[in-house]
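Predicted model, so just to flag it, every value in this text is computed and none were measured. In what follows, residues are counted from 1 in the order of the sequence shown.
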Amino acid sequence: MDLNSFMAGYAEEIGGTYSEYDIRTSIIIVPLPDERFQTVLGKLKHSDRYDRLGIEFASKVCAYDSSLNLKNLLEENANLNHAKFSVLDDFVYVEASSFVESATEEILKEIIQEVANVADEFEFKLTGADVH
């Protein structure tokens, strides 16, 4: 899969902004309702566990703080279709992934939108601001 070509095309389709980081990584700034935006990073990544090429989408929610109720976020994972919450490098993220060989463009578009919408929703719930 040509991730960057897909991401550039989808950004154009939704009126977003596309940036290429390298041949395996790119970013879309996804426009959302109420003139809000959310950055979604797409990355091709080999899974050592499954020995397959995957594509991962991630959006930063907020800095991790011990006062955050992680149990609530884990429970919220059950309400999501593609996405899940994670904590990495002291930040809370919303992320989703698929194996490249089984992903369709329509599914990848759904994943990007869900990641962006959930990250934006919880960024506001957790911080009260549009940070990322």
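Of the inter-residue distances, the one linking L3 atom CG with L44 atom CG reads 4.5 Å to the nearest 0.5 angstrom. Atom OG of S59 and atom CD1 of I112 lie 11.0 Å apart (nearest 0.5 Å). Summarising the geometry, atom CD1 belonging to I28 is positioned 7.5 Å from atom CZ belonging to F57; distances are rounded to the nearest 0.5 Å. Atoms CD and NZ, on Q38 and K60 in that order, are 11.0 Å from each other to the nearest 0.5 Å. Note that CG of L68 and SG of C62 are 5.0 Å apart. Values are rounded to the nearest 0.5 Å.
Using a distance-only test at 3.5 Å, with no hydrogens or angles considered, a donor-acceptor pair links the side chain of D65 to the main chain of S67. Judged by distance alone, the side chain of T25 and the main-chain N or O of Y21 form no donor-acceptor pair under 3.5 Å.
Legend: residues meeting side-chain contact (heavy atoms from CB on, under 4.5 Å) with Y18, ordered by chain and number and at least two apart, are N4, M7, A8, A11, E20, S26. Looking at residues two or more places apart in sequence or on another chain, you find a side-chain contact (heavy atoms from CB on, under 4.5 Å) between T17 and I29. Residues satisfying the side-chain contact (heavy atoms from CB on, under 4.5 Å) test with T104, not counting sequence neighbours, are E106, I107. By the salt bridge (charged side-chain N to carboxylate O under 4.0 Å, His left out) test, E75 pairs with K71, sequence neighbours left out. Listed by chain and residue number, Y10 satisfy the side chain to side chain donor-acceptor pair (under 3.5 Å) test with Q113 (two or more places apart in sequence, or in another chain). When the side-chain contact (heavy atoms from CB on, under 4.5 Å) test is applied to S97, the partners found at least two apart in sequence or on another chain are E56. R24 pairs by the salt bridge (charged side-chain N to carboxylate O under 4.0 Å, His left out) definition with nothing, not counting sequence neighbours. Every residue two or more places apart in sequence or in another chain that forms a side chain to side chain donor-acceptor pair (under 3.5 Å) with D48 is listed here: H46.
Two different hydrophobic clusters hold L74 and V118 under the rule that ILVMFWY side chains link at heavy-atom gaps under 4.5 Å. F99 and V115 fall into different hydrophobic clusters, where Ile, Leu, Val, Met, Phe, Trp and Tyr are joined by side-chain heavy atoms under 4.5 Å apart, directly or via other members.
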Under 3.5 Å, sequence neighbours excluded: what are the donor-acceptor pairs made by side chains of residues 80-94?
unit_1 : atom_1 : unit_2 : atom_2 : d
H82    : NE2    : E110   : OE1    : 3.1
S86    : OG     : E95    : OE1    : 3.2

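Listed by first and then second residue, the ring-ring contact (aromatic ring centres under 6.0 Å, His included) pairs involving residues 60-79 amount to none (not counting sequence neighbours).
When hydrophobic residues (I, L, V, M, F, W, Y) are linked wherever their side-chain heavy atoms come within less than 4.5 Å, I23 remains an isolated member. Cluster partners of L41, by chain and number: I27. The rule joins Ile, Leu, Val, Met, Phe, Trp and Tyr whenever side-chain heavy atoms lie under 4.5 Å apart.
For A96 against I111, the heavy-atom pair with the smallest separation is CB-CG2, 3.5 Å. For F122 against L73, the heavy-atom pair with the smallest separation is CD2-CD2, 3.9 Å.
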Item to complete: Please assess V30 against F37 for the test side-chain contact (heavy atoms from CB on, under 4.5 Å), listing each intermediate value before the final yes or no.
Response: CA-CA 5 Å; V30 179; F37 299 88; over 6 Å; no
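The local environment of NZ in K45 is sparse, with at most 12 non-hydrogen atoms from other residues, nucleotides or ligands closer than 6.0 Å.
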